[in-house]
There are 4 protein chains.
Amino acid sequence: MYFILKREQILKAGLKLFVTQGLHAVTIAQIAAEANVGIGTVYRNFNSKEEIVQQIWIRQKASESAYVFKNYKKQGSLHDQFNFLWERVIRYFLEHPLEFQFSYQFAASPILTKEIHEIAMTDFLKFDELYALGLDQNLFKPLTARRLRLFTFSTINGWLLWAMDEKMDIDDATIALFLQMCWDSISA
Amino acid sequence: MYFILKREQILKAGLKLFVTQGLHAVTIAQIAAEANVGIGTVYRNFNSKEEIVQQIWIRQKASESAYVFKNYKKQGSLHDQFNFLWERVIRYFLEHPLEFQFSYQFAASPILTKEIHEIAMTDFLKFDELYALGLDQNLFKPLTARRLRLFTFSTINGWLLWAMDEKMDIDDATIALFLQMCWDSISA
Amino acid sequence: MYFILKREQILKAGLKLFVTQGLHAVTIAQIAAEANVGIGTVYRNFNSKEEIVQQIWIRQKASESAYVFKNYKKQGSLHDQFNFLWERVIRYFLEHPLEFQFSYQFAASPILTKEIHEIAMTDFLKFDELYALGLDQNLFKPLTARRLRLFTFSTINGWLLWAMDEKMDIDDATIALFLQMCWDSISA
Amino acid sequence: MYFILKREQILKAGLKLFVTQGLHAVTIAQIAAEANVGIGTVYRNFNSKEEIVQQIWIRQKASESAYVFKNYKKQGSLHDQFNFLWERVIRYFLEHPLEFQFSYQFAASPILTKEIHEIAMTDFLKFDELYALGLDQNLFKPLTARRLRLFTFSTINGWLLWAMDEKMDIDDATIALFLQMCWDSISA
DNA sequence: CATGAATGAGACTTCATTCAT
DNA sequence: CATGAATGAAGTCTCATTCAT
């Protein structure tokens with residue numbers, strides 16, 4: 001219990017520092033200080049700085065998944081479900097800017113192995129089921145479900161990046177417009 | 001001349017190593033070895049590891065720009081010009097996968113300052129002129145030219161990332177389809 | 001009682017680990033694990049790693065002494081007594097290889113203070129009495145009793161070391177021959 | 001040339017420090033300071049503290065061998081040759097007390113692998129040839145040449161140890177007596 | 001200009017020791 | 001009394017940077 005708490009503190013501290021300073025500029029000592037634990041405690045919980053990054057990634061994806069799929073029901077029109085899920089993704093990142101920047105920064109990093117990505121991405125396969133359904137109904141352009149999903153996701157990623165860069169206020173209307181752009185881009 | 005050659009060798013070596021191993025895992029000694037020069041020579045050309053990253057970025061953007069705008073004429077319909085330029089971007093990255101991965105990995109890195117980004121991005125402002133024209137003609141959804149450009153760009157970035165991840169073969173039809181998706185997403 | 005058991009377990013674990021891995025490679029955590037006790041328990045019984053070594057030494061010398069002098073009677077010829085005692089030393093070490101190697105490895109260690117050596121060696125002064133008697137009878141070469149004893153002891157130590165190194169089987173005849181060598185070397 | 005010099009300085013510093021303080025008490029920083037080189041230089045030449053110990057051992061045995069076999073001629077009686085060689089061994093150690101203590105302290109250390117021992121001991125196989133000759137002439141007790149050599153060597157080691165411990169002055173007569181003891185112990 | 005041996009600051013990492021449970 | 005998570009001092013080791021050659 002206490003053990004888990006310290007582990008969480010370390011991951012939280014790492015998230016903040018990696019995003020603001022970049023991986024190579026952050027030392028274990030800094031992470032320990034930010035987490036209010038001893039350096040030894042960091043090493044009791046993680047074998048290296050890289051493992052901290054990997055565990056932050058896994059934890060972040062789990063948290064994102066929990067947020068996105070909370071209250072999700074496979075009901076209503078496919079377009080409604082599409083909007084529901086992607087809006088949740090957008091809102092999650094808007095509410096968790098650190099997590100978003102971390103996610104963006106390390107998505108293509110060599111530190112994250114194929115295995116790590118697979119573990120972290122399992123939950124998001126539900127998106128693919130939705131796209132597959134849409135393909136069955138000839139709603140979408142002729143790509144695989146996986147590719148359609150990745151397309152929408154990278155679109156959202158890029159959009160959020162500059163939205164945050166420019167510190168723009170994002171209201172419901174803006175989100176609605178953006179969801180419309182996402183839908184239009186893949187619509188048949 | 002010889003001097004310039006060594007500088008180029010170092011940038012090329014850095015590009016390869018940073019992409020495959022990540023910034024923090026690459027040492028100057030490694031870069032020097034890969035470039036077949038001495039460590040001292042690296043320091044005659046660059047002040048630090050960070051400067052190497054910055055110079056790779058600038059050189060990469062210049063090369064990308066040269067490729068993209070070669071033979072570009074402001075003629076034909078706006079949609080044609082749109083397709084021409086973005087297709088060139090796509091083809092550049094498909095032909096230069098290392099450059100693409102470098103570009104993706106460091107786009108959000110704290111190492112690249114605003115100044116560096118401005119220097120490297122100057123050429124790409126021509127895109128904004130195109131989008132501004134489109135907005136005048138009410139072709140696009142109601143966003144600023146800059147945002148529309150960034151939207152398309154991040155879409156392409158994300159798409160290329162997984163295209164390379166999956167080592168998919170990309171033929172002309174696929175590129176055409178993708179350009180259509182980009183256009184549809186921002187069309188009014 | 002339970003307390004004493006744990007103490008013994010720790011000393012036994014330490015003996016094994018110090019011999020097989022060397023002092024500096026053994027951690028308190030390892031000793032605790034090998035002894036099936038907690039780290040804190042080690043510290044309830046000993047103040048430091050060095051003290052564990054010292055206590056193993058003292059315990060080992062006491063055990064060796066008990067073995068060597070059991071059934072020893074100051075009767076018979078001096079040569080017989082000489083053979084009896086040194087044969088017991090040899091057999092003790094042959095039956096306790098770990099103890100032997102520990103003894104050999106730490107004999108010259110700075111961890112063992114003069115006081116520790118004196119405590120542990122008290123019993124073995126009986127050897128010196130025997131040598132003194134031999135000197136009175138002009139049986140030995142002209143050295144002090146102490147030096148004659150140390151000479152024989154280091155000879156035996158060295159011999160046992162390579163005997164174990166080579167895993168040689170040592171029968172009664174071999175032991176008898178060796179005792180003869182020891183006697184011949186110091187005989188006047 | 002300069003490179004080799006630094007390496008020698010480090011080995012010399014290590015020898016002194018290991019003997020006076022014991023392996024685990026010596027830090028790389030201390031060795032570097034004693035050798036008047038930077039810590040990094042130590043690591044350019046050796047991979048670890050253990051490797052320093054191994055290289056000191058090899059270098060010491062080479063130096064010992066050079067000393068012992070200098071001017072050695074396979075002439076004269078076997079007993080004379082025996083005395084010549086072992087006297088050289090004794091004198092080498094008397095003149096190089098640091099080397100002797102190092103040799104004694106690490107002879108049984110787990111740091112020195114079988115390979116290291118084999119490399120370091122090659123030269124001393126000449127002793128075995130001498131013993132083999134003696135066995136042919138029925139001069140010695142019935143043991144293998146190797147064992148006879150090790151017996152004499154460990155005897156000498158032990159004797160020198162307490163000779164140094166007690167800071168006894170060792171004159172030619174004492175050495176002669178001791179060589180006699182060595183010879184007597186193995187004589188048939 | 002080119003080189004790479006030398007350096008030491010500062011990173012990583014271990015582990016003896018403490019102390020709340 | 002027994003435990004082992006937590007700690008941080010002190011070690012090992014790396015590597016950016018310098019500078020004599």
Side-chain angles (χ1 to χ4, degrees), chain A residues 1-7 9-10 24-33 35-50 52, chain B residues 2-3 5-7 10 24-33 35-52, chain C residues 2-3 6-7 10 24-33 35-52, chain D residues 1-7 9-10 24-33 35-52:
Chain A
M1 170 68 177
Y2 191 48
F3 176 78
I4 290 169
L5 199 62
K6 301 247 165 189
R7 189 186 157 88
Q9 284 166 359
I10 294 163
H24 80 293
V26 177
T27 69
I28 299 284
Q30 266 182 292
I31 295 175
N36 287 314
V37 300
I39 291 174
T41 306
V42 176
Y43 278 94
R44 275 193 57 71
N45 285 278
F46 307 96
N47 293 316
S48 65
K49 203 157 74 168
E50 300 207 346
I52 298 176
Chain B
Y2 189 49
F3 178 78
L5 195 63
K6 300 231 168 197
R7 187 187 158 88
I10 294 163
H24 80 293
V26 177
T27 67
I28 298 284
Q30 264 183 293
I31 294 174
N36 288 314
V37 300
I39 291 173
T41 307
V42 175
Y43 277 90
R44 276 200 54 69
N45 286 277
F46 306 95
N47 294 315
S48 66
K49 197 157 77 166
E50 301 206 346
E51 196 187 312
I52 298 177
Chain C
Y2 189 49
F3 179 78
K6 300 232 169 196
R7 187 187 159 85
I10 293 163
H24 80 293
V26 177
T27 67
I28 298 284
Q30 265 183 292
I31 295 175
N36 288 314
V37 300
I39 290 172
T41 307
V42 175
Y43 276 91
R44 277 200 53 70
N45 286 277
F46 306 95
N47 293 315
S48 66
K49 197 158 77 167
E50 300 206 345
E51 196 187 310
I52 298 177
Chain D
M1 169 69 177
Y2 193 45
F3 178 78
I4 290 170
L5 199 61
K6 300 245 168 194
R7 188 186 157 86
Q9 285 167 358
I10 294 163
H24 81 293
V26 177
T27 68
I28 299 284
Q30 266 183 292
I31 295 175
N36 288 312
V37 300
I39 291 173
T41 306
V42 176
Y43 278 95
R44 276 193 57 71
N45 285 277
F46 307 95
N47 293 316
S48 65
K49 203 157 72 167
E50 301 207 345
E51 197 186 310
I52 298 177

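Lettering follows sequence order; numbering is per chain, from 1.
- Summarising the geometry, the separation between CD1 on D/Ile10 and P on E/dA5 is reported as 14 Å, rounded to the nearest angstrom.
- The 5' end of DNA chain E is approached more closely, in terms of each residue's nearest nucleotide, by B/Ile39 than by the other of B/Ile39 and C/Lys49.
- Of the candidates A/Glu50, A/Lys49, A/His24, A/Glu50 is the only one forming a side chain to side chain donor-acceptor pair (under 3.5 Å) with B/His24.
- Atom NE2 in A/His24 sits about 16 Å away from atom C1' in E/dC12, given to the nearest Å.
- C/Asn36 comes within contact range of no nucleotide atom at all, as no heavy-atom separation falls under 4.0 Å.
- A straight line from CG of D/Asn45 to C1' of E/dA6 spans 10 Å, rounded to a whole angstrom.
- Atom OG1 in C/Thr41 sits 13.5 Å away from atom CZ in C/Arg7 (nearest 0.5 Å).
- Pair assignment for E/dA9 gives F/dT14, based on Watson-Crick or G-U wobble hydrogen-bonding distances that are each under 3.5 Å.
- One atom, CD of A/Gln30, and another, C1' of E/dC12, lie 14 Å apart when rounded to the nearest Å.
- The CZ atom of C/Arg7 sits 16 Å away from the C1' atom of F/dC1 (whole-angstrom rounding).
- Side-chain contact between A/Asn45 and A/Val37 is absent, with no heavy atoms from C-beta onward closer than 4.5 Å.
- Nearest-nucleotide assignment on DNA chain F puts the 5′-proximal partner with C/Gly40, out of B/Ala25 and C/Gly40.
- In this structure, the CD atom of C/Glu51 is 15 Å from the P atom of E/dA16, given to the nearest Å.
- OP1 or OP2 of E/dT7 has at least one side-chain nitrogen or oxygen of D/Lys6 nearer than 4.0 Å.
- D/Arg44 has no side-chain polar atom (N or O) that falls below the 4.0 Å cut-off from OP1 or OP2 of E/dT7.
- Note that OH of C/Tyr43 is 11.0 Å distant from CD of C/Glu51, once rounded to the nearest 0.5 Å.
- When the C1' atom of E/dA6 is taken as reference, atom CG of D/Leu5 falls 13 Å away, rounded to whole Å.
- Shown here, E/dC1 forms no base pair; nothing in the strands shown gives a Watson-Crick or G-U wobble contact with both key distances under 3.5 Å.
- Between B/Phe46 atom CZ and F/dT17 atom P there is a gap of 14 Å when expressed in whole angstrom units.
- Counting any heavy atom pair closer than 4.0 Å across all strands shown, D/Ile28 reaches sugar-phosphate atoms only and no base atom.
- The nearest heavy atom of DNA chain F to C/Thr41 and to B/Val26 marks one nucleotide each, and the one closer to the 5' end goes with C/Thr41.
- At the heavy-atom level, D/Thr27 lies under 4.0 Å from the strands shown only through sugar-phosphate atoms.
- Both C/Tyr43 and D/Val37 lie near DNA chain E, and the one whose nearest nucleotide falls closer to the 5' end is D/Val37.
- Note: A/Ile39 CD1 to A/Ile28 CD1 = 8.5 Å, rounded to the nearest 0.5 Å.
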